[in-house]
Amino acid sequence: QVQLVEFGGGSVQPGGSLRLSCTASRSIFSIRAMGWYRQGPDKQRELVADITSGGSTNYADSVKGRFTISRDNAKNTIYLQMNSLKPEDTAVYYCNTVWLGVPAWGKGTLVTVSS
């Protein structure tokens, strides 16, 4: 089993930036992929970005060019750098991976983009 804990949410004005981090309770070196999802008000949870153990990345069209996902295997942590934030980015952001075939989720961190 692996536990995931997210940090870095908060309130920011449109155009601002935030960096989220997600730390795992065990080494992520061999974990094939980790990712960030989000769920906005009255919306379904959606994939924001993911990253493989080899460093390949994938982004939702809505965040391409604004968000960057990265991982630091030595710190068992992945990051989501969010720039040029928009009100529609307001959501709870969740870290996700699959460990031994079982999905694992963090509890989420709230990001609010508002003037």
Side-chain angles (χ1 to χ4, degrees):
Q1 193 174 8
V2 60
Q3 280 77 47
L4 304 173
V5 181
E6 302 97 339
F7 301 92
S11 296
V12 64
Q13 293 186 339
S17 297
L18 283 174
R19 188 173 85 151
L20 306 183
S21 61
C22 167
T23 299
S25 60
R26 58 172 63 242
S27 172
I28 66 170
F29 181 79
S30 60
I31 293 179
R32 189 174 67 177
M34 298 185 70
W36 289 96
Y37 285 71
R38 68 184 181 187
Q39 187 165 14
D42 300 319
K43 294 182 180 179
Q44 290 188 328
R45 192 172 297 190
E46 62 176 358
L47 175 68
V48 177
D50 57 27
I51 185 167
T52 69
S53 57
S56 296
T57 57
N58 175 55
Y59 296 93
D61 287 343
S62 59
V63 307
K64 283 180 181 176
R66 299 188 298 123
F67 290 11
T68 302
I69 189 171
S70 60
R71 63 192 285 166
D72 186 337
N73 290 340
K75 295 182 178 180
N76 300 331
T77 298
I78 66 168
Y79 304 94
L80 186 68
Q81 177 66 44
M82 306 186 294
N83 299 328
S84 302
L85 282 161
K86 304 175 180 180
E88 51 263 44
D89 295 319
T90 295
V92 178
Y93 284 71
Y94 298 90
C95 184
N96 165 266
T97 191
V98 177
W99 178 257
L100 299 179
V102 179
W105 295 91
K107 292 184 177 180
T109 185
L110 177 63
V111 172
T112 302
V113 185
S114 174
S115 55

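Numbers here simply count residues along the sequence, with the first being 1.
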Answer yes or no: is there a side-chain heavy-atom contact under 4.5 Å between [X] and [Y]?
X	Y	answer
Leu85	Gln13	no
Leu47	Asn58	yes
Tyr93	Met82	yes
Pro14	Pro87	yes
Thr109	Leu20	yes
Leu18	Val111	yes
Ile78	Cys95	yes

For Arg32, look at atom CZ and say whether over 12 heavy atoms of other residues, nucleotides or ligands are found less than 6.0 Å away.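 Check fails, neighbour count at 12 or below.
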
Can you check whether Ile28's main-chain N or O pairs, donor with acceptor, with Arg71's side chain at less than 3.5 Å?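 Yes, because the side chain of Arg71 sits within donor-acceptor range (under 3.5 Å) of the backbone of Ile28.
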
Give a yes or no on whether the backbone of Ser70 and the side-chain of Thr57 come within a donor-acceptor separation of less than 3.5 Å.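 No, because the side chain of Thr57 does not come within donor-acceptor range (under 3.5 Å) of the backbone of Ser70.
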
Verify side-chain contact (heavy atoms from CB on, under 4.5 Å) between Arg26 and Gln3, making sure each step is shown before the conclusion. CA-CA 8 Å; Arg26 58 172 63 242; Gln3 280 77 47; over 6 Å; no

Which atom of [X] lies closest to which atom of [Y], heavy atoms considered:
X	Y	answer
Leu80	Ala49	CD1-CB, 4.3 Å
Leu4	Met34	CD2-CE, 4.0 Å
Pro103	Trp105	CB-NE1, 4.1 Å
Lys64	Tyr59	CE-O, 3.4 Å
Thr97	Ala33	OG1-O, 2.8 Å

Report whether Val48 and Val12 are members of the same hydrophobic cluster (ILVMFWY, side-chain heavy atoms less than 4.5 Å apart, transitive linking).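 Hydrophobic grouping puts Val48 with Val12.
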
Applying the 4.5 Å side-chain criterion to the ILVMFWY set and letting contacts propagate, would Val2 and Leu100 be lumped into a single cluster?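 Yes, because Val2 and Leu100 connect within a single hydrophobic cluster, where side-chain heavy atoms sit under 4.5 Å apart.
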
Checking Thr90 against Thr112: is there a side-chain donor and acceptor pair closer than 3.5 Å?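 No, because no side-chain N or O of Thr112 sits under 3.5 Å from a partner of the opposite role on Thr90.
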
Distance-only side-chain donor-acceptor flag, Thr77 / Asp72, under 3.5 Å: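 On atom types as modelled, these side chains do not qualify, holding no pair under 3.5 Å.
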
Stepwise side chain to side chain donor-acceptor pair (under 3.5 Å) check, Ser17 with Asn83: CA-CA 4 Å; Ser17 297; Asn83 299 328; 2.9 Å; yes

cation_pi(Arg38, Tyr94) dist<6.0 Å, angle<=45: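 That pair does not qualify as a cation-pi contact.
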
Measure the spacing between OG of Ser53 and CG of Asn73 and express it to the nearest 0.5 Å.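 Going from OG on Ser53 over to CG on Asn73, the span is 8.0 Å.
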
Output the distance between atom OG (Ser25) and atom CH2 (Trp99), rounded to the nearest 0.5 Å.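 Going from OG on Ser25 over to CH2 on Trp99, the span is 8.5 Å.
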
Near-ring test Phe67/Trp36, centroid separation under 6.0 angstrom: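 Here the rings of Phe67 and Trp36 have centres that are no less than 6.0 Å from each other.
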
Decide yes or no on salt bridge (charged side-chain N to carboxylate O under 4.0 Å, His left out) for Lys107 and Glu6, but give the supporting numbers first. CA-CA 7 Å; Lys107 292 184 177 180; Glu6 302 97 339; over 6 Å; no

